[in-house]
Asks: 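The structure's right below; bear with me while I get my questions together.
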Amino acid sequence: MQKYSIKPYISEEDILKRVEELAKEIDKDFEGEEVLLIGLLRGSVVFLSDLCRKLKTADTLDFMVVSSYGNGMESSRNVKIIKDLEENVKGRNVLIVEDIIDTGNTLKKVKEIIETREPKKIKIVTLLDKPERREVDDIEVDYVGFKIPDEFVVGYGIDFAQKHRTLPYVGIVVKENE
Ligand code: IMP
Ligand code: MG
């Protein structure tokens, strides 16, 4: 494998500050109601853990596994459900929690699947968004932590070939000899 290094990009402190701001925004929008958080494994798990403890409206957690990237850096457009939800979403407020939106294909598919189950309301929160890479334009992302340029990032749950998820900050993967 090509050698690479990780350049710090968003600090732990900045992430946690932004997570608190997002939680306030979400709580305001769902005031007086209860929300089921749906995390897409494995990337969203660190973000979801921090976010859910700041949210007053989140009452239940569930998880889905969908295939997207395999073990490389290339997006695959064929999104498959590997593990489905345990919860029944019918008539409930749902917040899909994602680590990063790239082409938008994963979230578009996940949202479509959940919509057929007739939730009361679906909203989407993502820690990171790479708007330049978007391939689907009809996906509405309600809450975005940070908009980032077209760079491959790792840390705070996000991996490169399953590594670096446990870094407390977000870093950019810099290939050597580039
Ligand atoms: P999309 O379907 O192209 O939007 O892909 C979204 C998924 O691809 C995310 O949930 C991540 O798992 C993965 N992904 C996208 N960009 C990156 C990145 O920069 N680093 C690591 N994983 C990424
Ligand atoms: Mg993911």
Side-chain angles (χ1 to χ4, degrees), residues 1-12 14-15 18-19 22 26 36-52 61-85 89 94-116 122-176 178:
M1 191 189 252
Q2 195 180 357
K3 284 194 175 158
Y4 62 91
S5 58
I6 296 167
K7 189 172 86 184
Y9 183 59
I10 310 174
S11 71
E12 185 176 4
D14 286 352
I15 295 171
R18 189 70 188 117
V19 167
L22 289 172
I26 296 165
L36 163 65
L37 299 195
I38 296 181
L40 303 186
L41 293 176
R42 288 172 246 177
S44 71
V45 84
V46 178
F47 175 42
L48 184 140
S49 306
D50 282 339
L51 182 69
C52 75
L61 308 181
D62 203 353
F63 297 92
M64 258 176 125
V65 180
V66 296
S67 64
S68 53
Y69 265 58
N71 277 336
M73 286 197 189
E74 288 304 310
S75 175
S76 94
R77 276 146 198 77
N78 186 15
V79 178
K80 275 196 302 194
I81 297 188
I82 310 290
K83 185 219 164 280
D84 206 341
L85 297 173
V89 302
V94 165
L95 180 67
I96 303 173
V97 183
E98 179 61 310
D99 51 355
I100 178 164
I101 303 182
D102 189 37
T103 64
N105 285 302
T106 308
L107 265 184
K108 187 181 178 198
K109 189 75 197 289
V110 168
K111 197 178 174 197
E112 277 170 12
I113 293 164
I114 295 173
E115 250 159 10
T116 64
I122 303 188
K123 293 210 179 231
I124 296 175
V125 60
T126 186
L127 179 74
L128 305 176
D129 183 13
K130 290 189 210 173
E132 283 167 44
R133 297 258 308 163
R134 197 75 87 252
E135 288 176 6
V136 294
D137 42 19
D138 51 346
I139 179 100
E140 204 184 307
V141 186
D142 304 280
Y143 312 98
V144 174
F146 300 91
K147 284 195 176 148
I148 63 166
D150 181 11
E151 300 277 2
F152 199 85
V153 293
V154 293
Y156 198 69
I158 301 166
D159 73 305
F160 176 30
Q162 295 309 330
K163 291 174 80 172
H164 314 303
R165 291 192 197 273
T166 57
L167 286 175
Y169 58 90
V170 169
I172 292 178
V173 172
V174 183
K175 289 184 189 158
E176 276 177 23
E178 253 194 0

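For ligands, and for the atoms within them, numbers begin at 1 and follow the listed sequence. The analysis underlying the following values was restricted to heavy atoms, covering all of them including side chains, and did not include hydrogens, waters or symmetry mates.
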Asks: Could you tell me whether Val153 and ligand 1 have an N or O pair separated by under 3.5 Å?
Replies: yes
Asks: Pick, from Ile139, Thr106, Asp150, Asp99, the option with the minimum heavy-atom distance to atom 2 (O) of ligand 1.
Replies: Thr106
Asks: What heavy-atom pair brings Ile15 and Pro168 nearest, and what distance separates the two atoms?
Replies: CD1-O, 4.0 Å
Asks: With a cut-off of 4.0 Å, which atoms of ligand 1 are near a heavy atom of Glu98?
Replies: 9 (C), 10 (O)
Asks: Mind checking side chain to side chain donor-acceptor pair (under 3.5 Å) for Asp129 and listing every partner two or more places apart, or none if nothing turns up?
Replies: Arg134
Asks: State the atoms of ligand 1, each with its element, that fall below the 4.0 Å cut-off from a heavy-atom position in Ile158.
Replies: 20 (N), 21 (C), 22 (N)
Asks: Is it true that Arg42 and Asp159 make a salt bridge, defined as a side-chain N closer than 4.0 Å to a carboxylate O?
Replies: no
Asks: Hey, is Lys130 one of the residues with a heavy atom under 4.0 angstrom from ligand 1?
Replies: yes
Asks: Just jot down the ring-ring contact (aromatic ring centres under 6.0 Å, His included) partners of Tyr169, sequence neighbours excluded, or say none.
Replies: none
Asks: Does atom NZ of Lys163 have more than 12 heavy-atom neighbours from other groups under 6.0 Å away?
Replies: no
Asks: Taking 4.0 Å as the limit for heavy-atom contacts, which would you say applies to Asp102 with ligand 1: side chain only, backbone only, both, or neither?
Replies: both
Asks: With a 4.0 Å cut-off on heavy atoms, is Gly43 in contact with ligand 1?
Replies: no
Asks: Is Leu107 close enough to touch ligand 1? Criterion: a residue heavy atom under 4.0 Å from a ligand atom.
Replies: no
Asks: Can you find a non-hydrogen atom of Val154 under 4.0 Å from ligand 1?
Replies: no
Asks: Answer with yes or no whether the side chains of Tyr156 and Asp50 bring together a donor and an acceptor at under 3.5 Å.
Replies: yes
Asks: Does any part of the side chain of Leu40, heavy atoms only, come nearer than 4.5 Å to the side chain of Asp99, both counted from C-beta?
Replies: no
Asks: Heavy-atom distances under 4.0 Å decide this one: backbone, side chain, both or neither, for Glu151 against ligand 1?
Replies: backbone
